[in-house]
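Data block below; observations after.
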Amino acid sequence: MTEAPGLRMFVDGKWVDALNGRTFPDFNPWDDGVVVTVAAGDADDAVEAVDAAARAFPAWSESTPAQRQRVFLTAADLMQRRAGEIRDLLAVETGCGASFAGVQVEFAATLFRQAAALAYAPVGDALASDLPGTHALARRRPVGVVGSITPWNAAVSLSARALAVPIAVGNCVVLKPSEESPWSGGLLFAEILAEAGLPPGVLNVVPHAPGEAGGIADVLVGDPRVRRLNFTGSTVTGRRLAENAGRHLKPLLLQLSGFNPLLVLADADVPAAARSAAYGSFVHQGQVCMCSRRIFVEEQVADAFTEEFVARAERLPVGDPREPGVEIGPLINEWALRLIERRVQEAVDRGATVLAGGRAQGPCYPATVLTDVPADCELALEETFGPVAIVERVPDADAAVERANDSPWALSTGVITGDEGRGLRLARRLTAGMVHVNDSPVNDQPHMPFGGSLDSGWGRFGTGPGRDDFTEVQLVTSRATPRDPFAR
Ligand code: ADP
């Protein structure tokens, strides 16, 4: 792993200490060892970062597509060249196992290549005009400084998407990574993009100590030079951010919590359904916003499905994510582990049955399957960010749709069925922002519109729709000579 530079913050193309001189330890969730000590930024550093981004904007917004393309193609190659090292970093910083870490690195590299192509995408439309001789263009242009706030859970892919499209279309970014992933979700990108030739100030990364996000976020929300925000994280924090942003009339893209259903219909291939459910519920120990938490199974296949799903859950190896084959690593921190324990215990005390897992093993919580969870338990009402799935029998597909939609969250849904057409018809009735027929809800490609409905957020990431969120349309009309507005 690269040394010292990653320990400081990255502002205006330079590795600098926090203005207050403070640092904080970045812990390995497996053994509580200190992975690295990181500069602990605050509002003053955020102001410096916004200054740098605002200074860099005029030149970067006028940079050629060739320059932007070269940066992102080089960065994609660097990501892939350093894949092994980045996987190790994700393991020690976020407890992520090798397979999901590999998915993240590939996602980021692919995204960067698509961002490179975006540099050459058409920037607007030529419009028809009812005024003879008047030409009209609706052209998209970058907005200025974009503030990006990202979580730890898929640190590499989620921070990559928070900066790639904004920068590729000509904006400058101030990235505030999570306190749990300042390196893999922040400083790593500063290093890679600087090496790839990104000019100073176009990307600035301001990490901070636990519990100190607010001061930096307040600068990003309140500074008028920051023209757009994007946030990936919990609904609670996103709502607070949106309230503040509303006061400043500042648009923001919000990708928030999910409480995702997986529907298993009676015509499903049962082993395939169990495989989708096991991946969808337990990948990265259930710490992916798209994870399936509620599984609605049609009565006819409920016993067979549950048996296979439980068997798969029990087989998932638990331990140090650096060990080959380990699928269930540590929860991100003690607080997260205790929350899961408390919620599972509450459900059990009130009549739920544990079919697999259900007891912490050191810093890990094994893949856990519950059934008969009372509807008013916290586990049944809220997203629980860990490897816990609830299986519920339903009489038919209509009931499955009704139960799936009975939630304030609507991020992603999977439908497993032997009839693709039926799955597509059901998709029309599902509230979720993303529906995957014959796949788990955990499914994303960098160019596809990623986002939820209702309390799961606003707007869409993705190199297609994301472009619109990080640019603004300017209407320009022109004529060879002045129009006579009195002419009939
Ligand atoms: P998670 O449960 O994924 O950690 P959070 O919403 O707490 O979800 O964190 C997502 C991001 O939001 C992180 O970068 C975190 O530092 C940041 N964050 C936490 N508190 C605030 C706040 N008051 N304002 C803005 N961002 C915040």
Side-chain angles (χ1 to χ4, degrees), residues 9 24 26-27 29 38-43 45-46 49-50 93-96 146-163 173-189 204-223 226 228-248 250 252-260 284-291 293 330-340 343 382-386 409 411 452 455-458 461:
M9 64 178 73
F24 72 102
D26 181 14
F27 291 108
V38 183
D42 62 20
D45 302 286
V50 174
E93 194 180 45
T94 69
C96 186
V146 172
S148 301
I149 300 178
T150 55
W152 53 267
N153 62 314
V156 163
S157 28
L158 300 183
S159 288
R161 77 178 187 184
L163 60 88
V173 166
V174 176
L175 170 65
K176 190 212 79 57
S178 165
E179 51 268 59
E180 301 281 8
S181 55
W183 196 348
S184 57
L187 299 165
L188 170 74
F189 290 101
N204 306 275
V205 181
V206 183
H208 60 87
E212 297 183 4
I216 298 170
D218 286 349
V219 170
L220 297 180
V221 174
D223 191 312
V226 180
R228 291 283 188 284
L229 296 170
N230 67 86
F231 172 85
T232 304
S234 62
T235 297
V236 173
T237 308
R239 192 185 302 279
R240 196 179 317 146
L241 200 65
E243 285 167 1
N244 292 342
R247 213 168 301 129
H248 295 272
K250 187 161 296 186
L252 79 169
L253 199 171
L254 287 175
Q255 200 257 284
L256 308 177
S257 311
F259 196 28
N260 309 297
H284 191 21
Q285 45 277 15
Q287 300 174 125
V288 179
C289 58
M290 296 171 278
C291 274
R293 318 245 177 240
L331 272 300
I332 188 68
N333 54 36
E334 170 94 9
W335 181 87
L337 182 66
R338 299 296 160 231
L339 180 70
I340 295 169
R343 286 188 176 169
E382 304 247 2
E383 175 190 54
T384 300
F385 218 60
W409 290 282
L411 186 61
D455 286 1
S456 290
W458 298 332
F461 280 101

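Each ligand, and each atom within it, is numbered from 1 in the order the structure gives. Quick caveat: nothing in here was measured; it's all calculated off a predicted structure.
Every atom of ligand 1 with a heavy atom of H208 under 4.0 Å away is listed here by number and element: 16 (O).
What sits closest to atom 12 (O) of ligand 1 on the protein, heavy atoms only, is F231 CE1, 3.2 Å. Nearest non-hydrogen protein atom to atom 23 (N) of ligand 1 is R240 NH1, 3.3 Å. The protein heavy-atom contact nearest to atom 15 (C) of ligand 1 is E179 OE1, 3.5 Å. The protein heavy atom nearest to atom 1 (P) of ligand 1 is W152 NE1, 3.9 Å. For atom 25 (C) of ligand 1, the nearest protein heavy atom (residue, atom name, distance) is A217 CB, 3.2 Å. Looking at atom 6 (O) of ligand 1, its nearest protein heavy atom turns out to be S234 OG, 2.7 Å.
Atoms CD and OG1, from Q287 and T94 in turn, are 8.0 Å apart once rounded to the nearest 0.5 Å.
The option with the heavy atom closest to atom 10 (C) of ligand 1, from among I149, N244, T237, T232, is T232. Across L220, T150, L229, N333, heavy-atom proximity to atom 14 (O) of ligand 1 is greatest for T150. The residue from S148, A213, S159, P207 that puts a heavy atom closest to atom 19 (C) of ligand 1 is A213.
Considering only heavy atoms from C-beta on, C289 comes within 4.5 Å of Q255 through its side chain.
When the side-chain hydrogen bond (donor to acceptor under 3.5 Å, both in side chains) test is applied to H284, no partner is found at least two apart in sequence or on another chain. In terms of the side chain to side chain contact (heavy atoms under 4.5 Å, CB included) criterion, residue partners of D42 (sequence neighbours excluded) are, by chain and number, N20, D44, D45.
Counting heavy atoms closer than 4.0 Å to ligand 1, residue E180 contributes nothing at all. When heavy-atom distances to ligand 1 are checked against a 4.0 Å cut-off, F385 has no atom that comes that close, whether in backbone or side chain.
P207 approaches V205 most closely through the heavy-atom pair CD-O, 3.4 Å.
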task: Kindly determine whether F385 and W152 satisfy ring-ring contact (aromatic ring centres under 6.0 Å, His included), including the steps that lead there.
output: CA-CA 12 Å; F385 218 60; W152 53 267; 5.8 Å; yes
query: For V173 and N204, what are the C-alpha separation, side-chain angles and deciding distance, and is it a side chain to side chain contact (heavy atoms under 4.5 Å, CB included)?
result: CA-CA 6 Å; V173 166; N204 306 275; over 6 Å; no
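A salt bridge links R338 with E334; the closest basic N to acidic carboxylate O contact falls under 4.0 Å.
For the pair R293 and F259, the NZ or CZ position fails the cation-pi test of under 6.0 Å to the six-membered ring centre and within 45 degrees of the ring normal.
For atom 4 (O) of ligand 1, the nearest protein heavy atom is under 4.0 Å away.
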